[in-house]
Amino acid sequence: MPPSSNISNTLRRSLLIKIISKATPSREDVSSVIELTASKVVEALQAQSMTLYLVEGNDITFKQVYYSPTLWTHEPALEAKLQETAVKLLALRLPLGTGVVGKVISTGEHAFFRNSDSQAPFTMSSMAKTTGFEVRSMLTVPLKTNNIVIGAIQVLNKEAAAGTGGEFTEKDLVILKEVAEYSATLMHRMLDPKFQLSGDDTAKFVSKLTDLPLVSKPEEIEIDEKLVEATGDAIIRREGVFPYKRLGPGSVAALMTNPLDYAKREAFTQATDLALEEVSVAPAGLFETLLKKYFKDSKSGPAAPGDIDIGAVSEVIHNAYAADAEGKELSAKDLESEDSAPIVQLANRIIEDAYICGASDIHIEPQEKDLCVRYRIDGLCQEKLRLPKQVTGGLIARLKIMCNLDISERRLPQDGRIVFKNFTKKNMDLDLRVATGPMKDGEKVVMRILDKQKSTLPLPALGFSEENLAKYRECIRQPYGMILHCGPTGSGKSMTLYAALAEVNTPDVNIQTAEDPIEYTLPGLNQMQMNRTIGLTFARALRCYLRMDPDIILVGEIRDEETAGIAVEAALTGHLLVSTLHTNDAPSTVARIGEMGVEAFNISASLVCVCAQRLLRRVCKGCKTEYTPAGREKEIIEKALGGPVEKIFKANPQGCPTCNGTGYKGRVGIHELMVNSEELTEGINKELEVAELKRIAMKNGMKTLHQDSMLKVKMGLTTIEEALSNVPPDLIL
């Protein structure tokens, strides 16, 4: 397709998101770069014809051919002829060294010809015979990176509307060289995995291709420190938006490494009520430099990204150890009082830092000699901080006060909820689900972070295979029945249920939910928070809902016989019921519900599907290593997938800055979707063993968790070590 200014912005947006987020682009991405480059060249130079060539082996190939409609304005028959020529050229391969293009590629020097110049031996008349139209000017520049020429760009004739008599100028030559320079670097990166692209180069390309200003040094802008402080490091880090100047009461100028991430821009505006009126591009290095400069420990200097950047921690530690060294009693006011400034700051900053680091849970764990703080990030606990033992009482009491728990009760477990925006001036709309319990060395506190600003992901983003996604979408559109999700805590069950409800949530559907806690607030849903202390349980909520004309009912979890019975009753009486429970795989769910006292024929009659799921860590795109599986690895993956697998990836033990040295970044879901069928219904009614039900489900097309995990390994999303550590191989395969 010929490039067009009408599609230029769309192309730029889609490509540039790839530039920033795709650490190891593939050769397939080159076509997007080529079309974008062609669009930019034609637009900037007002060229009547443009051809882009790439070197492949010992040949020169045509990758993009463009002819302007102005060429056939007065000669309509020429259009078909030129389009036919373009098709032939795109299939053509020329030996290296052929013609003007061959010379430019071999020498790495540009060629510039105009009718008004005397440049023998080249004549425009010979070019006209080849092209089929009069050639008045030609510019050819190499696509060159680090003295390696990977191709060339050639333009013919400037549009008559430009007023130069159809001839290019020296200024056009400068522009074309500039476009060729950054496009060549980008193409080279996509063609050669070993070719590295720096953060500064990326920022330069983003700036050029979006026509947005580039800020490469802090001194190039004047920064409003009060604006930065008021915004807060949490929002700036999370959204990747650094506001540096107020342009009006509700608008600012800001820096972004990826200005085309409109979701982040919108999230920033919603969180701060500040519109991004001007956006400039900043290299990732500059962004981090500014964060270190404006959000640092006043005593200890700049904090590294992800470290706890707080004065409270160092102050607490300093006071504790200083008191010990001098043999003094610790000040209850400073270290043990839940209302003292250091303790209040410490509690707040631990929560803020965990949120910035992307943690899902915070563990406050008293040990024999100290207090350990750990975060669960991407499913794994990581030790973050160790504090003096003397801090324990004050910190835990402070957290209890924040969630209205009894600070005098230390012998029994308690649970509560922290609405964090009530305790901080920063724009963090977080809730934390808190559980405390008496341990050998003191009370342990675990806080689950619930980000109310975070929206649910769409179903396709949850890791469903194409086959499972099609089946699951069909299930959630059933008018009645029971859909169950099973798996351990933190396996993504709630997110999947919310994503499913978001997909079927329309004004003509009445959706009622009973949750403990409400993790996400979705518009259009009627959500009820459970409260066992006053007798508001899942069973009671379900009875209420059956009298409220629901179409779809979500029950947070089926925990007991009463809830299971009412859930099945709801599914059998014309409602679609979705819920979760804890089992290891999909077929085991049938036995689990049976143990709760539900008759087998009621289970088979109500069940639509069961989805078992886990979350595997994604291997880091920036540093993953490709290799060929062999031995036991090869046997396991090929047995699961039923065919050969040539290449898979492993994590880099050293990691990279993107993954914070872990080799993994983010998580992806794996799913075992068991859809009810006649044969499965018969098996449930006969109360067959779980293993037999699993065989029946697999015969009907179910892919087990192990099989789906191996599929994710083959797709390069995770590693075989991560997959096997979460789901063992199937015994019945």
For [X] versus [Y], what's the shortest heavy-atom pair and its separation?
| X | Y | value |
| --- | --- | --- |
| Arg617 | Leu380 | NH1-CD1, 3.0 Å |
| Ala651 | Gly663 | CB-O, 3.7 Å |
| Met256 | Gly240 | CG-O, 3.5 Å |
| Gly492 | Thr496 | O-OG1, 2.9 Å |
| Val645 | Pro629 | O-CG, 3.8 Å |
| Ala184 | Ile150 | O-CD1, 3.6 Å |

- prompt: In terms of heavy-atom contacts, does CG of Asn510 have more than 12 from other residues, nucleotides or ligands at under 6.0 Å?
  reply: yes
- prompt: Around Glu474, counting heavy atoms of other residues, nucleotides and ligands shown, do more than 12 lie under 6.0 Å from its CD?
  reply: no
task: Could you tell me whether Glu635 and Lys639 have a side-chain N and a carboxylate O separated by less than 4.0 Å?
output: no
query: Going by an N to O cut-off under 4.0 Å, is there a salt bridge joining Lys686 and Glu692?
result: no
Any side-chain heavy atom of [X] within less than 4.5 Å of one from [Y]?
| X | Y | value |
| --- | --- | --- |
| Tyr480 | His575 | no |
| Lys714 | Leu641 | yes |
| Leu693 | Met674 | no |
| Leu688 | Ile696 | yes |
| Val590 | Leu680 | no |
| Glu569 | Leu542 | no |
| Arg618 | Thr718 | no |
| Leu484 | Ile593 | yes |

Can a donor-acceptor pair be found, under 3.5 Å and without considering hydrogens, that links the side chain of [X] to the backbone of [Y]?
| X | Y | value |
| --- | --- | --- |
| Asn505 | Pro523 | yes |
| Lys63 | Ile34 | no |
| Gln613 | Gly669 | no |
| Glu672 | Ala612 | no |
| Thr580 | Gly556 | yes |
| Arg667 | Leu616 | no |
| Glu722 | Thr719 | no |
| Lys493 | Ser579 | no |
| His582 | Gly487 | yes |
| Asp551 | Ile511 | no |

task: Assess whether side-chain contact (heavy atoms from CB on, under 4.5 Å) is satisfied between Arg695 and Glu689, documenting all intermediate values.
output: CA-CA 10 Å; Arg695 288 190 182 91; Glu689 294 290 331; over 6 Å; no
field: Inter- and intrachain pairs under side chain to side chain donor-acceptor pair (under 3.5 Å), touching residues 586-600, at least two apart
entry: Thr583-Thr589, Asp585-Ser588
message: Determine whether Asn652 and Cys620 satisfy the following criterion, side-chain contact (heavy atoms from CB on, under 4.5 Å), listing intermediate values before the conclusion.
response: CA-CA 8 Å; Asn652 187 333; Cys620 177; over 6 Å; no
task: Return the set of residues passing salt bridge (charged side-chain N to carboxylate O under 4.0 Å, His left out) with Lys650 (not counting sequence neighbours), or none when no residue passes.
output: none
If we count only N and O atoms by modelled type, under 3.5 Å, do the side chains of [X] and [Y] hold a donor and an acceptor together?
| X | Y | answer |
| --- | --- | --- |
| Tyr472 | Glu503 | no |
| Thr681 | Asn676 | yes |
| Thr61 | Asp59 | no |

- prompt: Hey, which of Leu501, Ile552, Val578, Leu459 is the one that makes side chain to side chain contact (heavy atoms under 4.5 Å, CB included) with Ile476?
  reply: Leu459
- line: With Val727 as partner, the option from Gln707, His706, Met710 fulfilling side chain to side chain contact (heavy atoms under 4.5 Å, CB included) is His706
message: Using side-chain contact (heavy atoms from CB on, under 4.5 Å), reason through Tyr375 and Asp353 one step at a time and then give a plain yes or no.
response: CA-CA 10 Å; Tyr375 299 163; Asp353 181 65; 2.9 Å; yes
- prompt: Under the side-chain contact (heavy atoms from CB on, under 4.5 Å) criterion, do Thr563 and Met596 qualify, and how do the steps go?
  reply: CA-CA 9 Å; Thr563 306; Met596 293 182 183; over 6 Å; no
If you measure from [atom1] on [X] to [atom2] on [Y], what distance do you get to the nearest 0.5 Å?
| X | Y | atom1 | atom2 | answer |
| --- | --- | --- | --- | --- |
| Asp708 | Met702 | CG | CE | 11.0 Å |
| Leu717 | Ile648 | CG | CD1 | 12.5 Å |
| Glu687 | Phe601 | CD | CZ | 10.5 Å |
| Ile684 | Glu679 | CD1 | CD | 11.5 Å |
| Gln64 | Leu90 | CD | CG | 7.5 Å |
| Cys475 | Met482 | SG | CE | 13.0 Å |

Sole residue of Glu383, Gln382, Glu365 in side-chain hydrogen bond (donor to acceptor under 3.5 Å, both in side chains) with Arg374: Glu365
Taking distance alone, no hydrogens or angles, what donor-acceptor pairs closer than 3.5 Å link side-chain atoms of residues 460-470 to residues at least two apart or in another chain?
from, atom 1, to, atom 2, distance (Å)
Ser465, OG, Asn468, N, 3.2
Glu467, OE2, Lys471, NZ, 3.3

